[in-house]
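See below for the structure under consideration.
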Amino acid sequence: MFFYKTFLIGSNVPSLTYASQEELQVGAVVSVPLKSSTKNAVIIEEVSQPSFTALEVCEVTAHYYTSKQLEIAKFISEYYFSSWGEAISLFVPYDKNIEPVVKYENNDIKLPQLTQAQQQVYDALLHKDRALLFGVTGAGKTEVFISLMGKMLQEGKATIFLMPEISLTPQMEKRLQRYFGEQVAMWHSKLTKKKKESILEGIYSGQVRIVAGARSALFVPLQDIGLIIVDEEHDDSYKAMTRPRYHARDVAVLMGQKLGAKVLLASATPSMTSYTKYDVVKLDKPFIQTNKRYTFISGDTINNVILNAVSKNYQRGEQSLLFLPTRGNFKYLYCENCGKTHLCPYCSVGMALHRNHKHLKCHYCNYTEAIRESCSYCGHSPLRSERMGTQEAIEVIEEAIEGIKVEKFDKDSITTANKLKQALRRFENKESDLLLGTQMLSKGHDYADITLSVIMGLDHILGLADYRARERTMSLFFQIAGRSGRAKASEVIVQTGDPDFFKSYVGDYELFIKEELSFLEMMEYPPYASLARILIAHKDEKKVAKITLDTVAKLKSFEEIEIVGHGKAPVEKIANKYRYHILLRAKSRVPLLKSLHGVDCKEIEIDMDPVEFS
DNA sequence: ATACTAATATCA
DNA sequence: GATATTAGTATG
């Protein structure tokens with residue numbers, strides 16, 4: 001009889017020991033009895049016969065994790081404070097039953113013709129294990145990616161291509177398939193089971209050699225991974241908001257090291273961290289330098305300046321873009337008399353007004369109720385709604401500009417890849433005149449013919465209590481401005497109370513990076529320090545407060561870490577649970593990890609390198 | 001994680 | 001006092 005330490009895949013349990021008649025490989029996935037059900041577990045190591053009677057494994061599956069996968073999972077569990085079982089559940093295991101078929105004939109791949117600048121970048125990247133490709137929007141990063149992928153195919157190696165949002169995939173999918181056909185697969189967490197299985201079959205058999213997709217694509221069971229590309233590497237959506245709270249960009253770099261694969265990060269607005277950490281390779285704009293005029297205006301509503309500009313552009317038969325940072329219909333009910341906002345009874349956040357559905361909704365817990373007529377604190381009536389949402393913006397514009405066709409582009413209206421395709425097609429076909437939306441606009445693709453971009457509400461982001469508020473704002477500003485005027489001269493209208501902040505960096509993100517870095521260095525924030533956040537949530541506020549204080553007390557004994565602050569989280573309550581947090585800082589991550597492993601317990605959640613502080 | 005158990009709240 | 005709900009614990 002053999003005995004094995006195992007981890008239950010996707011579970012919190014530290015480890016359980018099972019017996020087996022036959023010898024098993026480390027990494028093998030087995031199904032095991034636990035209480036009255038069976039679970040999947042992964043074999044970690046052989047152990048001597050334990051003092052208790054170990055149950056026998058039920059079944060040895062055809063799946064297994066490689067030692068590399070186990071190593072990376074171990075790192076993730078230690079660095080991001082999750083169980084090993086949770087970390088390994090990120091990965092899709094390999095399959096013993098499916099033998100890779102003979103590789104594709106890869107000699108006749110057609111690759112894009114590179115410009116001289118692209119070719120230089122390509123050559124430079126070939127000689128680097130890791131690099132940050134700093135390329136202005138429209139400079140043609142994708143051709144470089146495709147060439148590198150092609151090179152990998154020729155060497156028999158696979159590529160993982162990460163993108164921040166699934167919604168951006170349709171255009172990229174087409175582009176990749178034009179070059180690599182069946183060897184490309186798109187991967188994201190919302191694939192149906194069947195689709196997933198068919199893609200996995202392609203991956204196992206070796207037919208699929210390029211997997212493109214969101215965060216989770218990092219964990220597919222490709223053979224011989226030679227290249228990992230993280231496009232839009234500055235994007236915060238690479239950070240997982242649930243356990244394990246890993247950062248896909250950072251895990252990609254680690255994976256590259258472990259697998260001996262090249263890692264390429266790319267962005268037009270790189271993160272401060274990557275800019276300082278990795279070799280920077282620049283790809284500048286092609287010689288056609290289009291004319292872009294910036295106008296800065298004040299206010300925070302759709303005023304006459306904006307209406308006139310959009311209207312004029314519409315009369316000329318040209319297309320415009322309007323950006324708002326808030327989610328569609330995201331307005332609060334607020335009382336003019338006492339100034340209070342109507343809050344969700346379970347979460348301490350404003351209830352969002354969904355006027356077309358005639359209800360109020362909490363965006364944290366989805367609690368829904370009828371629209372209030374009067375203030376629940378002072379009884380004052382009527383209540384006012386505040387803050388501009390896409391819906392109201394559309395109403396204002398359609399009323400003011402007769403005949404204009406507005407395409408709404410936000411999470412509310414673009415729920416599926418199909419809807420995205422349709423919206424983009426309508427815009428490309430000139431069926432709509434104005435593309436109006438939220439952050440989604442900054443991510444999507446190029447809208448070559450746009451000659452007017454209106455950027456509103458950046459001040460709301462700039463004003464966030466977040467050490468990266470400036471970086472996030474500037475990145476957004478560059479990303480949106482970069483969408484327009486590819487082909488023709490264009491105008492960018494920025495509505496802000498702080499025009500000087502933007503003016504000083506127009507057209508030069510690197511200058512912003514440099515100045516921001518000296519600011520971050522002075523303030524001792526990342527990349528010049530390491531941060532961790534502890535979250536404590538519980539129904540009983542006294543209990544939360546106590547755990548917070550106890551944890552703070554324990555942490556005080558560690559000299560190398562600084563407790564930046566602790567107390568109620570900005571969002572005090574979610575789904576009826578009170579939330580407290582502790583923010584920690586240290587010169588490096590080592591003392592942070594050491595001290596946190598000393599206080600880690602089931603009551604708290606640790607978020608390393610946090611990007612969200614609410 | 002989840003089945004099982006102990007503890008506590010709810011109710012006629 | 002019996003039953004429903006919740007909190008706690010061990011699982012191999």
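The sequence lines fix the lettering, A, B, ..., with proteins before strands; numbering per chain opens at 1.
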Distance-only donor-acceptor hits, side chain of residues 35-46 of chain A, under 3.5 Å, sequence neighbours excluded:
unit_1: A:Ser37; atom_1: OG; unit_2: A:Leu34; atom_2: O; d: 3.4
unit_1: A:Ser37; atom_1: OG; unit_2: A:Lys39; atom_2: NZ; d: 3.4
unit_1: A:Glu45; atom_1: OE2; unit_2: A:Lys5; atom_2: NZ; d: 3.4

Show the atom names and distances, to 0.1 Å, of all donor-acceptor pairs under 3.5 Å that link a side chain in residues 59-68 of chain A to residues at least two apart or in another chain.
unit_1: A:Thr61; atom_1: OG1; unit_2: A:Val29; atom_2: O; d: 2.6
unit_1: A:Thr61; atom_1: OG1; unit_2: A:His63; atom_2: N; d: 3.2
unit_1: A:His63; atom_1: NE2; unit_2: A:Asp95; atom_2: OD2; d: 3.4
unit_1: A:Thr66; atom_1: OG1; unit_2: A:Gln69; atom_2: N; d: 3.1
unit_1: A:Lys68; atom_1: NZ; unit_2: A:Lys258; atom_2: O; d: 3.2

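Every residue meeting the side chain to side chain donor-acceptor pair (under 3.5 Å) condition with A:Glu562, not counting sequence neighbours, appears here in chain and number order: A:Arg585. Listed by chain and residue number, A:Glu605, A:Asp607 satisfy the salt bridge (charged side-chain N to carboxylate O under 4.0 Å, His left out) test with A:Arg245 (two or more places apart in sequence, or in another chain). Scanning for ring-ring contact (aromatic ring centres under 6.0 Å, His included) contacts around A:Phe145 gives A:Phe161, with sequence neighbours left out. Taking A:Glu541 as the reference, A:Lys568 meet the salt bridge (charged side-chain N to carboxylate O under 4.0 Å, His left out) condition, with sequence neighbours excluded.
Atom NZ of A:Lys39 and atom C1' of B:dA3 are 9 Å apart (whole Å). Distance A:Asn576 CG to C:dT5 C1': 16 Å, rounded to the nearest Å. In this structure, A:Leu8 places its CG atom 13 Å from P of B:dA3, rounding to the nearest Å.
Residue pairs satisfying the salt bridge (charged side-chain N to carboxylate O under 4.0 Å, His left out) criterion with at least one member in residues 546-557 of chain A, sequence neighbours excluded, are listed as follows: A:Lys546-A:Asp550. Among pairs with a residue in residues 210-235 of chain A, those fulfilling ring-ring contact (aromatic ring centres under 6.0 Å, His included) read A:Phe91-A:Phe219, A:Phe219-A:Tyr246, at least two apart in sequence or across chains. Listed by first then second residue, pairs satisfying salt bridge (charged side-chain N to carboxylate O under 4.0 Å, His left out) with a partner in residues 191-207 of chain A number zero, not counting sequence neighbours.
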Tabulate atom names and distances for all N/O pairs under 3.5 angstrom spanning the protein and nucleotides 9-12 of chain C.
unit_1: C:dG12; atom_1: O3'; unit_2: A:Thr17; atom_2: O; d: 2.7
unit_1: C:dG12; atom_1: O3'; unit_2: A:Leu55; atom_2: N; d: 3.2
unit_1: C:dG12; atom_1: N2; unit_2: A:Thr17; atom_2: OG1; d: 3.2
unit_1: C:dG12; atom_1: N3; unit_2: A:Thr17; atom_2: N; d: 3.3

Under 3.5 Å between N/O atoms: give me all the protein pairs with nucleotides 8-10 of chain B, atom names plus distance.
none

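Around CZ of A:Arg130, the count of heavy atoms belonging to other residues, nucleotides or ligands within 6.0 Å does not exceed 12.
In the region residues 81-92 of chain A, proximity to DNA chain C at under 4.0 angstrom, judged on heavy atoms, holds for none of the residues.
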